[in-house]
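Take a look at the structure set out below.
Bear in mind that the values here come from a model prediction, so they are computed numbers and not experimental data.
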Amino acid sequence: MHIPMDLQLDLLNPQQRQAVEHFGGPLLILAGAGSGKTRVITHRIGYLIRKGIAPGDILAVSFTNKAADEMRHRVAGLTGADIASDVYLSTFHSLGADILRRDIDHLGYKRPFTILDQGDQLAVVKDAIDELKLDPEQVDPRRILSLISRAKMGFCEPEELEGLRFDPMIPFAQAVFERYRSALRGLNAVDFDDLICLPVVLFRQQEEIRSRWAERFHFVMVDEYQDTNQTQLLFLDELVCDHRNICVVGDDDQSIYGFRGAVAENILEFEHRFDNTRVIKLEQNYRSTNHILEAANTLISNNQVRKDKALWSAQGDGDPIRWVHCADEREEAEYVAAEIERLKFDRGLQYRDFAILYRVNPQARPFEEALRAFRIPYTIVGGTEFFDRKEVKDFIAYLKACLNPNDEINLRRIVNVPPRGIGPTLLERISDFALERELAFFDALAEVAADPDHIHRLGPTAGHHLQQLVDLLSAFRERFSTARNEKSPLVEVGRAFLKRIGLIEHLRNTEKNPRRARRRIKNVEDVLGSISTFEQTEGGTLRGYLERISLDRSYDADDEDEKRGVRLLTLHSSKGLEFPVVFFVGMEEGYLPHHRSMDADDDIAEERRLAYVGITRAKRILCLTSAGERSRYGQTHEREPSRFIEELPAQILISADASESASLADKKDDQNQKYLSALKSAIFED
């Protein structure tokens, strides 16, 4: 099969082309920051198709739907949309969900199943803590849930977690883990980690199923391989052990998600795991100037365990890197705001060209205050997610309960929203009734609604409202199951469902602030817009939509606002992004490296990788800042500059003291005067 396509291989650099044209056997592509790895992956897919590999035999896995969608768009540009649609471009979790959607019954679950979000998971953990009668003063539910997640990502029990065996929460986590697993089974639900863990269990128990999925994908590619955890590694092993045609792309120097269970050793040991691996390094950087890359190379060379590589650029040396030491956090924030104004005017930049990067979210506050004072528009990246807002979660809970009557968590959430006279006490009585009769929670609601005398003090009004809810969910469960054509589109059924629920009227009548009421109502209505977009682009079912938003929590309603202002974001959130100008702030001991990471060499190495990621976000200008003292909880603490500043090459680093500059408070006025003077000159000359 020869498919004509314009791959333009001659436009690739020699190393990129070697990676694209590698055909069979394991391949490790060490792709440095800004080295064009997405272009290599997509061209490699096109090359395999041109060589005769059927598009449906290719699997390309990334970590986010945004990255997968970007790959799909680029592959479509090379091969055409019809061919690209046959390539299995996915995330790990979407792939796991597809496998479970087809074969989860072999593990004793029913179809369809529910994917719990973090809030639902936390509710299950809290219930387990209550059942075990653990002291709430000693047990942190969020920490317990984190340990359970870490254990699942490590494919082990909580007490087996390396480096965490002496955590005082471990015994509690182990006790809660058993209850948590049982509760999820009872709910016919899985959590985010199960989407990877359960396919591994399934493959190990059912060889026929494993072989069927392994035979489907003859060529497997993995993006951001340095971010994989132990369970994802086992997942990949099961898929490729028969043919070993696996290509992984990543950069060990950008492995920064150890706190999520990512294992940097996965990419470092790839050659040992797969014999006869070909290794290709992509070291030409297309993003940054050489001064920025020299700083990054010199810094990361201090990590002892890494794959040696040295980034370089054809874009020239560029500006030196500036390190500004400020007296305190207020002076630091004012300096950054004033510099943004100066550079915007001097270099002809827009506010969207600037980013302020910091280690932890609380560091953002003084910069917000300074930007407001300077009237500079800004956006904090990583604020409250759209699907985490209460009114949105309520509507989504209705949709989930409609799809899966065994979803007790979401049924409990909606049973009194809008109010139906079912308070916490009556809800517990219904729950006890379900246990006594060995009924699913929905069936218990139906019986109680039909005969309110089942529950003491459940009056006829509450019983009537409960019956309406049961009838509503039953009726729309049928309507949603047939909403697959133009006569009954999914979004129209959703709109009718929302109207029958009465959620918008409830928000309008109970929210005292009219502006907030309008915003919350719009949020709920935007869910319908999200469903419509999903239906138009993916043509799926309600189950498909709910799985999609469970797997991808991003929401782009505020994208235009982000494009207009300065971005404020953590170093972890900055990975994969790039900005013409970066202010890398809070470069101090205790922040970077973080105080929780200063006792172990491995942790310091990851903190250094985090600094490396921050530096390589900058395209043209990089400014590092630190403060001599900071206030916290009303007390002032002296600070020391980060050890990482000392590791940067002195010949490209210009250090300065912010106090030596003109009064920072007057800089805004200075810039305005400079702008007005230039404007008057231009008018006069005209």
Side-chain angles (χ1 to χ4, degrees), residues 1-7 19-27 29 38-104 111 195-196 199-200 202-203 206-225 232 235-249 484 534 537-541 543-544 547-548 551-552:
M1 177 179 65
H2 177 76
I3 299 174
M5 60 182 77
D6 185 13
L7 291 181
V20 166
E21 294 180 338
H22 175 86
F23 193 71
L27 172 65
I29 303 174
T38 304
R39 188 180 193 189
V40 169
I41 294 171
T42 53
H43 275 70
R44 179 168 164 75
I45 291 171
Y47 181 79
L48 289 173
I49 294 172
R50 194 167 74 175
K51 292 286 287 185
I53 303 301
D57 290 346
I58 300 171
L59 168 67
V61 184
S62 188
F63 276 82
T64 67
N65 279 306
K66 183 177 181 180
D69 290 343
E70 172 66 16
M71 283 197 289
R72 186 175 295 108
H73 175 74
R74 293 204 195 184
V75 172
L78 295 172
T79 67
D82 291 342
I83 294 172
S85 65
D86 290 336
V87 179
Y88 202 110
L89 291 160
S90 175
T91 65
F92 274 104
H93 293 92
S94 293
L95 173 60
D98 284 349
I99 292 170
L100 295 179
R101 192 181 299 118
R102 177 169 176 175
D103 294 313
I104 198 171
R111 292 181 285 178
L195 298 177
I196 308 299
V200 175
L202 178 67
F203 288 164
Q206 304 285 336
E207 173 60 23
E208 182 180 347
I209 293 174
R210 187 205 67 79
S211 296
R212 182 193 344 125
W213 283 96
E215 289 173 6
R216 176 174 178 179
F217 304 120
H218 295 165
F219 286 83
V220 175
M221 280 176 277
V222 185
D223 189 19
E224 302 287 5
Y225 186 72
Q232 288 163 336
F235 190 10
L236 290 170
D237 279 350
E238 298 292 342
L239 286 175
V240 305
C241 62
D242 296 340
H243 56 69
R244 299 174 72 253
N245 289 327
I246 180 171
C247 165
V248 301
V249 185
R484 303 184 181 194
F534 171 81
T537 58
E538 302 189 35
T541 61
R543 182 182 69 184
E547 287 185 0
R548 172 75 182 203
L551 297 173
D552 182 13

- [ ] Over all heavy atoms of both residues, which pair between Trp213 and Arg102 is shortest? Give the atoms and the distance, please.
- [x] CZ2-CD, 4.2 Å
Task: Spatial distance of atom CD (Glu238) from atom CG (Leu202) [nearest 0.5 Å] - done: 10.0 Å
Open item on the list: Run Met221 and Val249 through side-chain contact (heavy atoms from CB on, under 4.5 Å) and show every step you take.
Closed with: CA-CA 8 Å; Met221 280 176 277; Val249 185; over 6 Å; no
- [ ] Kindly indicate whether the side chain of Ile45, heavy atoms from C-beta on, has any atom under 4.5 Å from the side chain of Phe219.
- [x] no
Task: With sequence neighbours excluded, residues passing side-chain contact (heavy atoms from CB on, under 4.5 Å) with Ser90 - done: Tyr88, Ser94, Leu95
- [ ] Output the distance between atom OG1 (Thr38) and atom CD (Glu70), rounded to the nearest 0.5 Å.
- [x] 6.5 Å
- [ ] Return the set of residues passing side-chain contact (heavy atoms from CB on, under 4.5 Å) with Arg111 (not counting sequence neighbours), or none when no residue passes.
- [x] Ile104, Asp105
Open item on the list: Using only atom types and a distance under 3.5 Å, with no angle test, would you say the side chain of Arg44 pairs donor to acceptor with the backbone of His22?
Closed with: yes
- [ ] Apply ring pair (Phe, Tyr, Trp, His ring centres under 6.0 Å) to Phe235 and list each qualifying residue two or more places apart in sequence or on a separate chain.
- [x] none
Open item on the list: Can you tell me how far apart NE2 (His93) and OG1 (Thr64) are? Round to the nearest 0.5 Å.
Closed with: 12.0 Å
Task: Straight-line distance of Asp237 CG to Phe203 CZ, nearest 0.5 Å - done: 12.0 Å
- [ ] Please check if the side chain of Asp57 supplies one atom and the backbone of Phe217 the other of a donor-acceptor pair under 3.5 Å.
- [x] no
Task: Stepwise side-chain contact (heavy atoms from CB on, under 4.5 Å) test for Arg50 and Leu78 - done: CA-CA 11 Å; Arg50 194 167 74 175; Leu78 295 172; over 6 Å; no
Task: For the student: nearest non-hydrogen atoms of Asn65 and Thr91, plus distance - done: N-CG2, 3.5 Å
Open item on the list: What's the separation between atom NZ in Lys51 and atom CD in Glu21, rounded to the nearest 0.5 Å?
Closed with: 8.5 Å
Task: Step-by-step side-chain contact (heavy atoms from CB on, under 4.5 Å) determination, Met71 to Ile41 - done: CA-CA 8 Å; Met71 283 197 289; Ile41 294 171; 3.7 Å; yes
TODO: List the atom of Val220, the atom of His243, and the distance in Å for their closest heavy-atom pair.
DONE: CG2-CE1, 4.4 Å
Task: Ionic contact status for Arg212 with Glu208, cut-off 4.0 Å - done: no
Open item on the list: In the structure I gave you, are the side-chain heavy atoms of Val240 and Asn245 within less than 4.5 Å of one another anywhere?
Closed with: no
TODO: Given side-chain contact (heavy atoms from CB on, under 4.5 Å), test Ile29 with Tyr225 step by step and report yes or no.
DONE: CA-CA 10 Å; Ile29 303 174; Tyr225 186 72; over 6 Å; no
- [ ] Kindly give the heavy-atom pair with the smallest separation between Ser62 and Ala67, and that separation in Å.
- [x] OG-CB, 3.2 Å
TODO: Find out whether Thr79 and Val87 are in side-chain contact, i.e. whether some heavy atom of one side chain is under 4.5 Å from a heavy atom of the other.
DONE: no
- [ ] State plainly whether the residues Asp69 and Arg72 are in salt-bridge range, i.e. N to O under 4.0 Å.
- [x] yes
